[in-house]
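Everything below concerns the one structure shown next.
In what follows, chains are A, B, ... by sequence order, proteins preceding strands, each numbered from 1.
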Protein chains: 2
Amino acid sequence: MKQTKSHRRDTVTVELSAVIAAASPAGPSVLTVRHSGGAPSGLPSGPLEADHRTLEAGLRSWVEEQTSQRLGHVEQLYTFGDRDRAAAGGLAARALSIGYLALVREARPADSAAASWQGWYRHFPWEDRRDGRPTAVDRLERRLVEWAAGAAGEAERRLRRDRLGATFGIGTDGWIEDRVLERYELLYEAGIVAEAARGAPAGARDPGAEGEPMVTDHRRILATAIGRLRGKIKYRPIVFELMPPAFTFLQLQRTVEGLAGVRLHKPNFRRLVAQQGLVEETGEVTPETGGRPARLLRFRPDVLRERPAPGLRLPRPRAAAPD
Amino acid sequence: MKQTKSHRRDTVTVELSAVIAAASPAGPSVLTVRHSGGAPSGLPSGPLEADHRTLEAGLRSWVEEQTSQRLGHVEQLYTFGDRDRAAAGGLAARALSIGYLALVREARPADSAAASWQGWYRHFPWEDRRDGRPTAVDRLERRLVEWAAGAAGEAERRLRRDRLGATFGIGTDGWIEDRVLERYELLYEAGIVAEAARGAPAGARDPGAEGEPMVTDHRRILATAIGRLRGKIKYRPIVFELMPPAFTFLQLQRTVEGLAGVRLHKPNFRRLVAQQGLVEETGEVTPETGGRPARLLRFRPDVLRERPAPGLRLPRPRAAAPD
DNA sequence: CCTGAAATACTCACATCGAGTATAAGGAGG
DNA sequence: CCTCCTTATACTCGATGTGAGTATTTCAGG
């Protein structure tokens, strides 16, 4: 072993940040805090302290202090620690950033003045394909294609084109909703996202940067959370962590559509949910919603004992028959 | 906000640890290092240092220093940081532990004296179901059932029974191979695993503890890695990171079986791999393996451009028809 | 009583997949 | 050269899953 190096242990601060997600049939949202006037918003967060028994306990205490929000399901997402990409300052001590995802049932109106709920697609407009591909995305994709074409060397160009295909589905057919983080990272590399210009001189800021930015790396954490949630609804019944105690089929479908950012086929969604045994009827019906009254449902926790992976597989359109 | 608390920032050290996995048709293995004579083995690891640009770069440099092994695919697994469960010492400063999974193609014979390859089921005998349920598991399951029955209060007993069902499939039908970490954590809580007795006085050590232990929380990290790998082979073609450039269907199948710890139906496995377009023939055949010579295959990287989630769905036995 | 809107129910074709069986192609031993 | 063993490879069958479309019910409001 080489023992010649300095082996200087890093002075590390650890920041715990939470993506607190709620969802309604209209769409998902995230709890944000704004520390000072003009600054971008951020996630509830705070440093790890000595009296935190576990990382999750530390996170919960910071969130309660900043937002008075009680958390239900909590899971760790990822630990970010690039030396150059942490603080806006630049050469500060390394800041590790541990991101968490928390799900809450009701988006209670955030009594703290600093905290507020935001639709999460304000920060990721390109991720919402519920009404087809937003036209604003055309501009974004054009810039991405330019970026790929502008690479030095054929090998690098090819690599970039492949990544555009795998993430945004450019050149291929498939939009894969889980790959939220990969898409955000691509935009960061391509300089299309405001956070990428943080280190650069103020004049170099890009006025056409896409989506509303957040402080430090919080948008990256949010991207991780969205991707994780989109992946996980397929094999675990966690949508129900976001639903009220009783709900209709359509409310459930709209919520899932909001999370996944795509539209689903109504009869098939019903069939899927019913066949999986994910829900049972409460016996009541809604004070209707415009048409025939809908039966109310509740989550059936026994499904966890019966099925190995009870989730909501999102349909993938069948490939057109070859000619 | 309450500002009364001491808000003492924690002094944190960060350890980077790598599960370096290789696999052959005989079974998967992991690269371990042994620091001192009688101590249990551990994973290659070292503290995060100031000159590490990224966490992954730091990990790679430690691994190369300790094992002279070049890493291919690397991914972050999880960050552990329970205050009480880190060092054997007890009240030391908090040690964050960031676990990584790395895949390597050949298990080169570990030229460093301290490093050696270990079959990973030495540490997790209960995870290998390739030849049915090992008989040693009966004992383990008996102890788990006792543990569940010994809980205080009916509610807690019920909770424990449910967990036994969801992890080990006791009382239900399903063994879900991904849930490696959940199973290990359950054994830890039940005190069936040697690491659980670390804090306890030496006399309380359990001679019947299951599986070969590792230093600090390294077996927990290994459990995370196995679980992640088992989950991921289903939707990403990462087995091929472990295969040699050319291989036969059966070699591929045996490797997957080793990772997943289950046996697969041969014709169906062939069909799956072929239909997905995961491989192409090299045109050559093996200097046989006992019977008819087999065609050699190679991974077909184009599949990444074509299929959204090219993996190897492991079959789940069809439920017996109701009588 | 008609209309619109949503809820609910049903159909159909096709792909997938678990399970089993049959045939081909080598080597070893007589 | 024939037999037998072993593995590779090919094919079949039936059940289930699922994408897509259509039909029917049930409410509100005019």
Legend entry - Separation of atom CZ in A:Arg254 from atom C1' in C:dA6, rounded to whole Å: 10 Å
Inset, instruction - Starting from P on C:dT16, measure out to NE2 on B:His265 and report it in whole angstrom. - result: 17 Å
Inset, instruction - Among B:Ile20, B:Ile226, B:Leu222, find the residue that satisfies the side chain to side chain contact (heavy atoms under 4.5 Å, CB included) test when tested with B:Val30. - result: B:Leu222
Inset, instruction - Check the side chains of A:Arg271 and A:Gln275 for a donor-acceptor pair under 3.5 angstrom, ignoring hydrogens and angles. - result: no
Inset, instruction - Nearest whole angstrom, please: distance from the P of D:dT18 to the NZ of A:Lys266. - result: 21 Å
Legend entry - cation_pi(A:Arg129, A:Trp175) dist<6.0 Å, angle<=45: yes
Inset, instruction - Provide, to the nearest angstrom, the distance between the CG atom belonging to B:Asn268 and the P atom belonging to D:dA10. - result: 15 Å
Inset, instruction - Let me know, please, whether A:Pro293 or B:Leu296 comes out on the 5' side of the other along DNA chain D by nearest nucleotide. - result: B:Leu296
Inset, instruction - Go through D:dT9, D:dG21, D:dT7 for me and flag the one nearest to the B:Leu250 side chain. - result: D:dT7
Legend entry - Straight-line distance of B:Leu181 CG to B:Arg228 CZ, nearest 0.5 Å: 10.5 Å
Legend entry - Nearest-nucleotide comparison on DNA chain C, the residue closer to the 5′ end among B:Pro267 and B:Leu272: B:Leu272
Inset, instruction - Return yes if the base of C:dA5 and the side-chain atoms of A:Arg292 contain a donor-acceptor N/O pair under 3.5 Å, otherwise no. - result: no
Legend entry - Euclidean distance, atom CZ of residue A:Phe269 to atom P of C:dT8 [Å, nearest integer]: 13 Å
Legend entry - Between C:dA6 (C1') and A:Gln253 (CD): distance, integer Å: 12 Å
Legend entry - Phosphate-side-chain proximity, A:Arg270 and C:dT8, N/O vs OP1/OP2 below 4.0 Å: yes
Legend entry - From D:dG21, C:dT8, D:dA8, nucleotide with atom closest to B:Ala294 side chain: D:dA8
Legend entry - Base of D:dG17 paired with side chain of A:Arg271 (donor-acceptor, under 3.5 Å): no
Legend entry - Atom-to-atom span, CZ of A:Phe249 to C1' of C:dA9 - whole angstrom: 12 Å
Legend entry - Option passing side chain to side chain contact (heavy atoms under 4.5 Å, CB included) with B:Leu242 (candidates B:Val104, B:Ile233, B:Leu259, B:Val256): B:Leu259
Inset, instruction - Could you check B:Gln251 against A:Gly290 and say which one's nearest nucleotide on DNA chain D is further toward the 5' end? - result: B:Gln251
Inset, instruction - In whole angstrom, give the distance that lies between atom CD of B:Gln276 and atom C1' of C:dC17. - result: 12 Å
